[in-house]
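Chain naming here is simple, since letters A, B, ... match the order of the sequence lines and numbering starts at 1 in each.
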Amino acid sequence: MRDVAVVSFAQSATRRDQTRNEVEILMPVLREAMAPTGLTTHDMGFTCSGSSDYLAGQAFAFVSALDAVGPWPPIQESHVEMDGAWALYEAWVRLQHGDIDTALVYAFGKSSPGDVGRVLALQLDPYVVGPLWPDAVSIAALQARAFLEAGHDEKDLARVVARSRRNAAGNPHAQLSGEVDEATLLDEPLYADPLRMHDCPPISDGAAVVVLAAGDRARELCERPAWIRGIDHRIDVQALGSRDLATSASTKLAGQKAGVGRVDLAEIHAPFSHQELIVAEALGLNESTTSINPSGGALASNPVMVAGLVRIGEAARRLSAGEGERAVAHATSGPALQQNLVCVLEAS
Amino acid sequence: MAGNLAAVLGTGQTKHVAKREDVSIAGLVREAADRALEDAGLTYADIDAVVIGKAPDMFEGVMMPELYLAEALGAIGKPLIRVHTAGSVGGSTAIVATHLVQAGVHERVLTVAFEKQSESNAMWALSIKIPFSQPLVAGAGGYFAPIIRGYIRKADAPLDTGFQVVLKDRLNALKNPYAHLHQPDISMEQIVSSPLLWDPIRYAETCPSSDGAAAMVIGSEQAADASSRPVAWIHGTAVRSEPTMGAGRDRVNPHAGRDCAKAVYAAAGITDPFREIDCAEIYVPFSWFEPMWLENLGFAEEGTGWKLVQDGVTALDGDLPINMSGGVLSSNPIGASGMLRFLEVANQVRGTAGEHQVDGARKALGHAYGGGSQFFAMWVVGKDKP
Amino acid sequence: MTAEPITGIVTPIRLDYTYTPGTAPSGFLRGMKEGRILGRRCPQCSKVYVPPRGSCPMCGVEFADEVEVADTGTLVTFAVVNVNFANRVIDLPYVSGEVRFDGSDTTSMVLVQGIPVDEVRMGMRVKAHWLPREEWDFTFANIDYVEPIDEPDADYDSYREFV
Ligand SMILES: [Zn+2]
């Protein structure tokens with residue numbers, strides 16, 4: 001495989017944004033990501049984006065977002081109706097052909113216009129599950145129950161939340177941060193038993209941009225590129241009754257294929273606290289040697305369709321800044337961690 | 001484009017109809033996928049990854065339906081990618097699958113595209129009233145009819161050109177058992193007297209609304225060489241996008257379409273498309289798009305595409321047969337329509353097109369476009385290994 | 001015994017969204033409320049977009065100054081519509097036109113009235129017919145339709161690039 005690296009990354013602050021539309025949120029992020037490369041969007045060999053029409057509440061939401069790039073003269077471009085992490089995967093595949101050296105990847109999503117918990121219910125089997133409208137938090141709670149019953153403790157969930165808030169204090173893009181005591185967290189009322197409000201993600205609007213480059217081009221564009229050493233994604237059966245919700249077979253498989261090994265830091269896309277523990281276990285991570293979600297993760301800010309790409313960007317950014325030499329980033333999609341992508345990055 | 005060789009190992013599609021009430025969405029895609037695998041002489045176990053495409057989720061009312069469809073497509077434990085590039089999606093989906101093979105990531109990829117329009121209301125999905133947006137005055141025809149009027153004016157084209165296209169496509173469709181519209185008694189008189197919906201577009205000149213799916217298995221050179229079935233070698237692929245609302249954008253002869261055609265010909269080593277391409281399946285949802293795309297694709301000089309239609313050049317027995325399957329004018333499962341174009345030309349060069357086979361087809365072009373004519377996806381396939 | 005096959009079920013979906021027009025479109029909507037057509041100029045290519053969205057789609061840059069354009073314009077192309085769609089009920093047939101308002105570099109899709117359908121032509125000069133002032137809201141629909149004005153048709157070359 002051709003060596004491809006993340007050479008630049010930018011993300012918007014995440015919050016409910018009632019003044020800007022998707023393009024307006026994306027524009028400054030694009031500019032920020034392009035700036036250190038000295039290139040413009042027109043110089044990119046390939047452009048790929050991730051977003052969801054149902055999140056935006058209108059068909060073809062990605063069409064107007066492309067305005068931000070200014071695709072004129074016409075460009076080579078594609079779009080996945082998935083988290084931007086999969087757009088990055090498509091761009092990585094495209095770079096393997098060797099005829100282009102750079103790719104632009106972006107993702108955008110506003111969760112605030114609709115009721116995102118209900119919107120996500122439309123991902124379920126439309127004949128027998130969807131009509132029951134199980135919202136995203138309820139499904140996560142079913143999974144959390146299965147996870148606790150499998151021999152885990154709710155103190156573990158509180159520990160994840162406390163670490164997320166603490167780490168997010170150092171992340172200017174995060175929505176929720178601060179010093180919180182685990183015992184205090186456990187005193188909070190249950191929200192969707194066994195989950196408490198803090199076990200769930202905030203409602204976030206946001207955008208993220210990653211610039212990829214191959215080989216020598218990457219070295220020219222970035223002092224310390226974060227090389228993609230392995231990237232793979234797998235999907236599980238959707239039906240909640242047909243899989244073990246306490247583990248993630250697809251994450252485990254993707255992790256094996258990507259070759260996770262020993263990593264200095266891990267960015268895990270876990271919108272719910274218990275999911276971080278499930279993914280960490282599937283990836284074989286050990287918190288004593290790996291810094292988990294140094295950004296605070298999706299519990300600190302969760303722009304849907306963007307948060308997975310942010311994990312790759314955050315991991316890469318930290319490696320480029322010298323915070324470690326090897327990292328793993330994870331993205332998820334679908335109810336109860338149905339689909340998972342694992343990306344292993346290195347910088348030296 | 002550089003990269004490893006790739007080929008179409010098998011194809012499958014459903015019989016396109018207005019309503020497939022006997023199958024669910026999963027049943028529909030499974031049917032096409034089963035047929036593609038059978039055609040390739042393979043099973044789901046031989047497949048490394050699945051790439052699926054469809055038009056907006058709101059057409060069926062299921063968000064990211066690939067999540068629910070993963071099981072039906074045999075994708076459990078495998079990589080699954082969902083593409084959405086508006087109307088061109090069937091084409092761009094096949095191209096993403098091709099890239100996975102050309103990049104050396106996988107040996108055999110199953111690619112599927114579908115639309116089950118009867119399960120929701122596409123017209124409704126396209127006309128959700130967003131408070132601050134300009135109200136669309138008259139549906140898709142209302143958007144494209146003024147562009148067609150622009151073409152007629154620019155090219156000074158005879159007004160019956162569109163009718164000729166429909167007559168040809170609907171007659172071709174009679175030779176295609178999978179086509180939605182089978183109108184044995186179709187005649188020029190019937191077309192001319194059909195209601196004028198969006199002048200200059202008559203009812204007969206519009207595409208139907210179909211339930212349908214298309215699937216292909218795309219494999220590496222090694223997989224193709226090992227296959228006992230005829231394969232279609234992928235000589236080149238290309239995609240191009242431009243801004244929908246760009247000021248001064250030519251919507252009759254879009255820049256992105258011209259660039260995309262140039263790129264796909266260059267990739268396939270084609271210098272004279274009219275002579276070197278034996279037949280093409282192009283995305284024609286309204287009759288007049290055939291002459292418009294003939295120009296955009298470099299088969300005719302600007303302003304002269306209608307002459308090829310009038311002279312019968314694009315007929316099944318003409319010098320450059322276009323839409324041998326009956327095209328989008330005869331079957332339109334939106335998300336799958338682009339893939340059907342790609343699939344039909346693969347069958348042509350494999351020699352497996354059946355009654356609508358073009359004799360001796362060795363090199364063929366598949367074309368898809370989407371949105372307001374701003375997204376393009378194309379491939380050239382050939383009988384011979386490039 | 002075989003039961004009747006189930007060929008479909010109806011599962012109503014209702015989702016409510018609060019849309020955000022965004023900064024540049026908001027300026028346009030505020031103009032509409034005052035009976036003015038406000039576009040934005042691209043600082044790079046100088047084209048005026050009506051209505052503006054987030055950025056100049058050709059250049060990929062944020063718009064600069066707001067520009068008021070005229071409510072007169074040229075009908076650059078059109079369709080005669082003989083079928084009604086759910087979101088608007090109008091007497092058939094009617095003309096859906098693409099109008100370039102004077103001063104704008106984009107076209108807008110508007111209803112054309114005040115002239116027999118078979119007399120509508122490309123290049124015709126038109127003027128916006130606004131709803132009564134008390135009905136004005138933050139919407140493009142304040143322009144009910146355009147109607148012909150007493151001016152000679154525009155020369156084809158003057159609007160060819162918008163067709
Ligand atoms: Zn501009």
Visitor: Where on C/Arg53 is there a heavy atom nearer than 4.5 Å to chain B: the side chain, the backbone, both, or neither?
Guide: side chain
Visitor: How close do C/Ala79 and B/Trp198 get, heavy atom to heavy atom, and via which atoms?
Guide: CB-CB, 4.5 Å
Visitor: Non-hydrogen atoms of chain B under 4.5 Å away: do they reach the side chain of C/Met32, the backbone, both or neither?
Guide: neither
Visitor: Between chain C and each of B/Arg249, B/Glu21, B/Arg20, count heavy-atom pairs under 4.5 Å; write down the option with the most.
Guide: B/Glu21
Visitor: Given side chains that start at C-beta, do those of B/Arg149 and C/Val80 come closer than 4.5 Å, heavy atoms only?
Guide: yes
Visitor: Hey, could you give me the CD1/OG distance between C/Ile9 and B/Ser24, rounded to the nearest 0.5 Å?
Guide: 10.5 Å
Visitor: Does B/Glu302 have more than 12 heavy atoms from other residues, nucleotides or ligands lying within 6.0 Å of its CD?
Guide: no
Visitor: More than 12 heavy atoms of other residues, nucleotides or ligands under 6.0 Å from CD of B/Glu189: yes or no?
Guide: no
Visitor: Taking the side chain as everything from C-beta on, heavy atoms only, tell me whether C/Val163 gets closer than 4.5 Å to B/Lys154.
Guide: yes
Visitor: Checking C/Phe162 against chain B: side chain, backbone, both or neither under 4.5 Å from a heavy atom?
Guide: backbone
Visitor: Under 4.5 Å from any heavy atom of chain C, what part of B/Lys19 do you find: side chain, backbone, both or neither?
Guide: neither
Visitor: I'd like to know which of B/Ala145, B/Pro195, B/Ala247, B/Gly248 tops the heavy-atom pair count under 4.5 Å against chain C.
Guide: B/Ala247
Visitor: Atom CD of residue position C/Glu134 - does it have more than 12 heavy atoms of other residues, nucleotides or ligands inside 6.0 Å?
Guide: yes
Visitor: Identify the heavy atoms of B/Gly246 and C/Met58 that sit nearest to each other, and give their distance.
Guide: CA-SD, 3.6 Å
Visitor: Strictly below 4.0 Å, N to O, side chains only: are B/Arg251 and C/Glu98 in salt-bridge contact?
Guide: yes
Visitor: Any chance you could measure C/Asn82, atom CG, to B/Ile201, atom CD1, to the nearest 0.5 Å?
Guide: 11.5 Å
